[in-house]
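Since the structure comes first, as structure tokens, the remarks are kept for the end.
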Amino acid sequence: MEKIRELTVDLGERSYPIFIGEGLLQAPRLLEPFIHGQQVLVVTNETIAPLYLHNVIEGLSAYQVESIILPDGEIYKNLDTLNKIFDTLLTKKHNRTTTLIALGGGVIGDMTGFAAACYQRGVHFIQMPTTLLAQVDSSVGGKTAVNHPMGKNMIGAFYQPQCVIADTTTLRTLDDRQLRAGLAEVIKYGLIADTEFFSWLEDNIQLLLERDSTALAYAIERSCENKARVVSKDEREGGIRAILNLGHTFGHAIETFQSYGDWLHGEAIAAGMVMAAELSHLMGWVSEEDVCRTKKLFTLCDLPIAAPKTMSSEKFLTLMSVDKKVLDGSLRLVLLKSIGCAVVTADFDQNLLVKVLLRSE
Ligand code: NAD
Ligand code: GLY
């Protein structure tokens with residue numbers, strides 16, 4: 001059995017641990033210090049509930065535990081579904097000391113976190129991520145949100161969990177496409193801030209695709225270390241945290257264009273990261289060789305390296321104009337100076353951006 005890896009997201013009084021290891025859903029002693037009252041609501045969905053809900057509930061016999069099983073899918077990440085969580089909390093008379101547990105991928109994590117931020121002006125919550133993407137990214141850092149038909153994650157709050165418990169055995173039931181989508185976010189950390197990790201990924205990508213448990217645990221830990229370091233410096237994205245959004249301005253535009261139902265988030269941002277790398281190259285920053293290395297790694301993961309052909313450059317520009325990084329009317333993009341060095345800049349050539357967007361038409 002793998003050891004439990006523990007990291008800290010260092011945010012002063014809002015600091016919290018991330019535990020990574022096997023069988024952690026059935027480790028109530030890990031959970032208990034982070035449940036401060038007597039009531040718990042486990043929020044999950046119809047796919048995850050039959051697999052893991054009983055494991056979590058069994059360990060919580062000392063509490064008043066309720067659960068809510070939401071429909072599965074990004075298309076349900078909206079205010080209507082959020083309201084169902086509030087309905088359950090109110091019907092079951094949960095008070096301000098209740099703790100919400102998000103058992104699932106990024107969709108469940110983002111919605112549960114936002115529900116916790118809002119319910120009675122804020123109650124505690126715990127992240128129990130069950131997808132690779134959620135274990136390396138969405139469960140860490142306190143971004144919570146739902147989508148609006150006009151923009152991805154447009155309604156939300158920064159709200160940190162009490163802890164993150166990433167049980168790596170849950171990844172065994174994840175389908176291959178979801179695993180690869182999670183790898184897109186793992187590769188992101190190499191691209192934005194960790195050259196050594198990018199090289200490690202080039203050497204070990206096959207092991208990750210085969211779900212080698214040691215390689216996966218290492219990649220999750222290293223990804224969380226990178227994310228925790230950035231979040232600790234800039235919790236509310238006043239500056240440096242925006243580098244975690246490499247490829248996301250392009251990717252969110254793709255997801256909104258598809259009404260959140262076609263490509264997975266990880267797939268959309270994989271294409272987006274390649275587009276960001278291509279623009280960075282046209283700007284004279286990243287070498288052609290590094291763009292090729294980036295494309296090769298995503299291709300080995302069977303991830304898209306270009307936007308959908310049906311998406312015009314005009315559509316891209318319209319959707320990108322509502323990105324959360326737009327400041328005083330100027331679009332800012334995360335671009336690469338080199339592999340391992342990302343920058344956030346409004347200082348890019350618009351004609352070169354259009355050139356990159358036209359490549360997908
Ligand atoms: P997801 O939550 O939709 O999960 C993917 C699919 O896998 C779902 O069908 C889910 O039911 C299923 N699933 C989950 N765990 C499983 C398991 N162990 N076994 C079998 N099936 C399982 O998608 P995701 O990729 O985890 O997350 C994407 C979401 O995360 C997006 O909404 C994105 O905006 C958000 N996100 C948020 C942040 C953040 O910082 N908050 C960062 C990145 C992404
Ligand atoms: N996933 C981007 C962030 O957490 O800032």
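Start at 1 and go down the list; that is how both ligands and their atoms are numbered.
Checked by distance only, ligand 2 and Asp137 come closer than 3.5 Å through their nitrogen or oxygen atoms. Every N/O-N/O distance between Ile48 and ligand 1 stays at or above 3.5 Å. Ligand 1 has no nitrogen or oxygen under 3.5 angstrom from a nitrogen or oxygen of Glu185. Residue contacts with ligand 1: Lys77 is placed with a nitrogen or oxygen under 3.5 Å of a nitrogen or oxygen of the ligand (distance criterion only). Where the criterion is an N or O separation shorter than 3.5 Å, residue side chain and backbone included, Thr131 meets it with respect to ligand 1.
The two residues Ser232 and Val9 make their nearest non-hydrogen contact at OG-C, 4.2 Å. When all heavy atoms of Cys224 and Leu7 are compared, the pair lying nearest together is CB-CD1, 3.4 Å. Cys301 and Ile187 make their closest contact through SG-CD1, 4.1 Å (heavy atoms, listed as atom of the first residue, atom of the second, distance).
Taking the six-membered ring where tryptophan is involved, the planes of His124 and His36 are perpendicular, since the angle between them exceeds 60° and thus also 30°. Using cut-offs of 30° and 60° for the angle between ring planes, the His252 and His248 rings count as perpendicular. In this pair, Tyr119 and Phe86 present their aromatic rings parallel. The plane angle is below 30°, not in the 30 to 60° band.
The ligand atoms of ligand 1 that sit less than 4.0 angstrom from a heavy atom of Ser138 are 36 (N), 37 (C), 38 (C), 39 (C), 40 (O), 41 (N), 42 (C), 43 (C), 44 (C). Which parts of ligand 1 touch Asn45 is read off a 4.0 Å heavy-atom cut-off, strictly below it: atoms 10 (C), 11 (O). Listed by atom number, the atoms of ligand 1 under 4.0 Å from Tyr52 heavy atoms are 18 (N). Taking a cut-off of under 4.0 Å to the non-hydrogen atoms of Asn245, the atoms of ligand 2 that pass are 2 (C). Using a 4.0 Å cut-off to heavy atoms of Thr47, the atoms of ligand 1 that qualify are 11 (O).
For atom 22 (C) of ligand 1, the closest non-hydrogen atom of the protein is Leu174 CD1, 3.7 Å. Taking atom 20 (C) of ligand 1 as the reference point, the nearest protein heavy-atom neighbour is Thr173 O, 3.1 Å. What sits closest to atom 35 (C) of ligand 1 on the protein, heavy atoms only, is Asp110 OD2, 3.4 Å. Considering only non-hydrogen protein atoms, atom 4 (O) of ligand 2 sits nearest to Lys227 NZ, 2.5 Å. Looking at atom 9 (O) of ligand 1, its nearest protein heavy atom turns out to be Asp72 OD2, 2.7 Å. Of all protein heavy atoms, the one closest to atom 15 (N) of ligand 1 is Thr130 OG1, 2.7 Å. Scanning the protein heavy atoms around atom 6 (C) of ligand 1, the nearest turns out to be Gln178 NE2, 3.3 Å.
Under a hydrophobic-cluster definition in which Ile, Leu, Val, Met, Phe, Trp and Tyr are linked whenever side-chain heavy atoms come within less than 4.5 Å, directly or via other members, Leu335 and Val291 are assigned to different clusters.
Looking at Glu267 and Arg177, a side-chain N of the basic residue comes within less than 4.0 Å of a carboxylate O on the acidic one, giving a salt bridge. Between Arg293 and Asp290 there is a salt bridge, with a side-chain nitrogen of the basic residue lying less than 4.0 Å from a carboxylate oxygen of the acidic one. With respect to Glu278 and Arg359, a salt bridge is recorded, a charged nitrogen being found less than 4.0 Å from a carboxylate O. By the 4.0 Å N-to-carboxylate-O rule, Asp137 lies close enough to Lys188 to be salt-bridged with it. In summary, Lys143 and Asp110 do not engage in a salt bridge, as defined by a charged side-chain N under 4.0 Å from a carboxylate O. Checked for salt-bridge contact, Arg222 and Glu196 meet the test: a charged N lies under 4.0 Å from a carboxylate O.
Residue-level proximity to ligand 1 for Leu264 is absent, since no heavy atom of it falls below 4.0 angstrom. Within the 4.0 Å heavy-atom criterion, the part of Asn153 lying near ligand 1 is the side chain and not the backbone.
Heavy-atom proximity to atom 23 (O) of ligand 1, evaluated over Gly73, Gly106, Gly113, is greatest for Gly106. In the candidate list Asn147, Asp137, Val231, Leu133, Leu133 is nearest to atom 44 (C) of ligand 1, counting heavy atoms. Taking only non-hydrogen atoms, the option from Glu74, His265, Lys152 nearest to atom 34 (O) of ligand 1 is Lys152.
Judged by the shortest distance from any of its heavy atoms, Lys227 lies inside the 4.0 Å radius around the atoms of ligand 1.
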